[in-house]
Amino acid sequence: MRIYADNAATTKMSRAAVEAMLPYLEEYYGNPSSLYSEGQKAKEALEEAREKITRCINANAKEIIFTSGGSEADNQAILTAAALGKKKGKTHIISDTIEHHAVLHTLKKLEKEGFTVTYLPAHENGIVRVEDLVNAITGDTCLVTVMYANNEIGTIQPIKEIGAVCREKGILFHTDAVQAVGHIPVDVEDANIDMLSASAHKFHGPKGVGFLYARRGIRLETLIEGGAQERGHRAGTENVPGIVAAAAALEEAAGSLGEVSERVQVLRDRLIEGLKKIPHSALNGDPQKRVPSNVNFCFEGVEGEALLLLLDDKGIMASSGSACTSGSLDPSHVLLAIGRVHDVAHGSLRLSLGDDATEEEVDYIIKSVEEVVTYLRGFSPVWRDLVNGKSKFIL
Ligand SMILES: *Cc1c(COP(=O)(O)O)cnc(C)c1O
């Protein structure tokens, strides 16, 4: 048995998405910029996909730009706000400490160019506070960029409240909604969102496709110069099959969102309750304000990488943090930001359940994690020191 519990890293493409894309690979492969009917057919499919996406987030077709994924959308949104700010002499940006690297590294680049960035704390529960935002705003602030839901600990930020503050102060508000779109309700109008990033492979669409929502009137910076595709905001022949599949995936995900999240949430909580019973463990992030599929734990005296390898042997695919963090020796910046010390942060495990997860799978995961943690602690010098009282337990 293999259990895929790494849906925050990527998801399996849905049947609907695969089927939607096939005709555009095999039959209607024309370039959407071509004038003959095969090209026009591709162009129509592209616009239909755009319409479908707008319906899922309450936007207008002219507000959607297709990109190569979430990272590109994040870059384009932030660089757009920075360019607009600079024109007005405003060079202060507000973000937070638990953003995805697509946001953090773009902000680092801007800091080198003279922008100042305030990183709001995510506090112990992994959620930023609106009062901190209000206090951080200055007359110089040109952008607030706060993610909708965190990719490691799953916490959901007070997006609507942040949007309201930004709208009142006339500051652009961008949100990296890659972990939210297709998983929890997202309404750009209701939440006063000016720019939003999403990625198809996180909602059962293909990899390498995403979109940027930019409210009408925002003049987007172009990252890729060339042809006039995407109304001149993103050059390059459109990934028609990928875009069509992305729209089909999102339409399906948005359509069954309530029902799926209700079911998965119950399994998530069962998993949390089960893992909590392991001594000297702790859940990372707010227990309630998190996406329905996310579970993230730290186990004291355990090395995360070893945990993952042994879980793989037991047929469980999980992750220790973000896919970008794994492979490096640095512990997750998100876990450090919510106050986990290095040693504890190293023993982390992220399980992100699929829409079709079952109770049996969850129980098998609990049993397996328990076994592996006990086994690893059995020959861990760090654990021995904790048990012998040479060092103090934190969890
Ligand atoms: C996956 C992810 C991204 C990057 O999206 P890609 O399509 O892989 O570039 C950005 N932000 C968050 C929160 C993510 O989870």
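Just so you know, residue 1 is the first one in the sequence shown, and it goes up from there. Since this is a predicted model, take the numbers as computed values, not measurements.
To the nearest 0.5 Å, the span separating CD on Glu305 from CG on Leu309 amounts to 7.0 Å. Note that CD1 of Ile159 and OH of Tyr148 are 6.5 Å apart. Values are rounded to the nearest 0.5 Å. How far NZ of Lys390 is from CG of Asp385: 5.5 Å, rounded to the nearest 0.5 Å. Separation of atoms CZ (Arg167) and CG (Leu172) is listed at 9.0 Å; rounding is to 0.5 Å. If you take OG on Ser391 and CG on Leu386, they are separated by 4.0 Å, rounding to the nearest 0.5 Å. Taking OG of Ser37 as the reference point, atom CD of Glu44 lies at 9.5 Å (rounded to 0.5 Å).
A side chain to side chain contact (heavy atoms under 4.5 Å, CB included) with Leu275 is found for one member of Leu351, Leu283, Asn296 and no other, namely Leu351. For the side chain to side chain contact (heavy atoms under 4.5 Å, CB included) test with Pro185, the passing option among Ile57, Asp190, Asn58, Leu257 is Leu257; the others fail.
For the side chain to side chain donor-acceptor pair (under 3.5 Å) test, residues two or more places apart in sequence or in another chain that qualify with Lys276 are Glu273. Residues passing the salt bridge (charged side-chain N to carboxylate O under 4.0 Å, His left out) test with Glu359 are Arg270, sequence neighbours excluded. Under the rule for a salt bridge (charged side-chain N to carboxylate O under 4.0 Å, His left out), the partners of Glu72 that lie at least two apart in sequence or sit in another chain are Arg234. Under the salt bridge (charged side-chain N to carboxylate O under 4.0 Å, His left out) criterion, Glu238 pairs with no residue at all, not counting sequence neighbours. In this structure Glu48 satisfies the side chain to side chain donor-acceptor pair (under 3.5 Å) test with no other residue, sequence neighbours excluded. Under the ring-ring contact (aromatic ring centres under 6.0 Å, His included) criterion, Phe66 pairs with no residue, sequence neighbours left out. The ring-ring contact (aromatic ring centres under 6.0 Å, His included) search around His280 returns Trp383, Phe393, not counting sequence neighbours. Residues passing the side chain to side chain donor-acceptor pair (under 3.5 Å) test with Glu111, sequence neighbours excluded: Lys108, Tyr119. Residues passing the salt bridge (charged side-chain N to carboxylate O under 4.0 Å, His left out) test with Glu19 are Arg15, sequence neighbours excluded. Taking Glu113 as the reference, nothing meets the side chain to side chain donor-acceptor pair (under 3.5 Å) condition, with sequence neighbours excluded.
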TODO: Apply side-chain contact (heavy atoms from CB on, under 4.5 Å) to Thr91 and Cys142, showing your working.
DONE: CA-CA 6 Å; Thr91 55; Cys142 62; 6.0 Å; no
Open item on the list: Pair Asp74, Ser197 - check side chain to side chain donor-acceptor pair (under 3.5 Å), show working.
Closed with: CA-CA 6 Å; Asp74 282 340; Ser197 311; 2.7 Å; yes
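A donor-acceptor pair is defined here as one N or O able to donate and one able to accept, closer than 3.5 Å; such a pair exists between the side chain of Ser95 and the backbone of Thr145. Listed for the His333 side chain is a donor-acceptor partner under 3.5 Å among the backbone atoms of Glu99. Counting only distance, with no hydrogens or angles, the side chain of Asn150 and the backbone of Ile98 share a donor-acceptor pair below 3.5 Å. Asn60 places no side-chain N or O within donor-acceptor distance of the main-chain N or O of Lys62, the cut-off being under 3.5 Å. Ser380 contributes a side-chain N or O that, together with a main-chain N or O of Val382, makes up a donor-acceptor pair within less than 3.5 Å. The backbone N or O of Pro331 lies less than 3.5 Å from no partner atom in the side chain of Arg340, so there is not a single donor-acceptor pair. A distance-only check finds a donor-acceptor pair linking the side chain of Gln179 to the backbone of Ala8 [under 3.5 Å]. In this structure a side-chain-to-backbone donor-acceptor pair under 3.5 Å is present from Thr374 to Glu370. Checked by atom type and distance alone, the side chain of Ser348 never pairs as donor or acceptor with a backbone atom of Cys298 at under 3.5 Å. In terms of modelled atom types and a separation under 3.5 Å, the side chain of Thr222 and the main chain of Glu225 share no donor-acceptor contact.
Annotation for Ala42 and Val240: closest pair O-CG1, 4.0 Å, computed over non-hydrogen atoms. Closest heavy-atom contact between Phe115 and Ala82: CZ-O, 3.4 Å. When all heavy atoms of Ile127 and Lys289 are compared, the closest pair comes out as CD1-CB, 3.6 Å. Contact record, Ser281 with Ile278: OG-O, 2.7 Å, taken as the closest heavy-atom pair. Contact record, Asn294 with Asn151: ND2-O, 4.3 Å, taken as the closest heavy-atom pair. Considering every non-hydrogen atom in both Pro32 and Gln40, the closest pair reads O-NE2, 3.9 Å.
Remark: Arg2 engages Asp312 in a salt bridge, criterion side-chain N to carboxylate O under 4.0 Å. Salt-bridge annotation for Arg50 and Glu47: present, with a side-chain N of the basic residue lying under 4.0 Å from a carboxylate O of the acidic one. Between Lys41 and Glu27 there is no salt bridge, since none of the side-chain N atoms of the basic residue sits less than 4.0 Å from a carboxylate O of the acidic one.
Both Ile316 and Met1 are part of a single hydrophobic cluster, where members link through side-chain heavy atoms under 4.5 Å apart. Hydrophobic clustering places Leu353 together with Ile366 (ILVMFWY residues linked when any side-chain heavy atoms are closer than 4.5 Å, directly or through intermediates). Tyr4 and Val291 are not part of a single hydrophobic cluster, where members link through side-chain heavy atoms under 4.5 Å apart. The hydrophobic cluster containing Leu107 does not contain Val128, counting ILVMFWY residues as joined when their side-chain heavy atoms lie under 4.5 angstrom apart, directly or transitively.
Defined by atom type and a distance below 3.5 Å, a donor-acceptor pair is missing between the side-chain atoms of Glu259 and Ser256. Between the side chains of Thr141 and His92, a donor-acceptor pair is found at a separation under 3.5 Å.
The 12-atom threshold is exceeded at NZ of Lys207, counting heavy atoms of other residues, nucleotides or ligands nearer than 6.0 Å.
Side-chain atoms of Ser33 and Gln229, non-hydrogen and from C-beta on, do get closer than 4.5 Å to each other. Annotation: side chain of Ile162 is not in contact with side chain of Thr175 (no heavy-atom distance under 4.5 Å). Proximity of Ile338 to Thr97: side-chain heavy atoms (C-beta onward) are nowhere separated by under 4.5 Å. Ile78 is listed as a side-chain neighbour of His174, based on a closest heavy-atom distance under 4.5 Å.
The hydrophobic cluster around Ile394 extends to Val341, Val344, Leu395, counting ILVMFWY residues whose side-chain heavy atoms fall within less than 4.5 Å of a member.
Using cut-offs of 30° and 60° on the angle between ring planes, the pair Phe379 and Tyr375 is perpendicular.
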Please output the side-chain donor-acceptor pairs of residues 210-219 that fall under 3.5 Å, not counting sequence neighbours, one pair per line with the distance.
from, atom 1, to, atom 2, distance (Å)
Arg215, NE, Ile193, O, 3.4
Arg215, NE, Asp194, OD1, 3.2
Arg215, NH1, Glu189, OE2, 3.2
Arg215, NH2, Val188, O, 3.4
Arg215, NH2, Ile193, O, 2.9

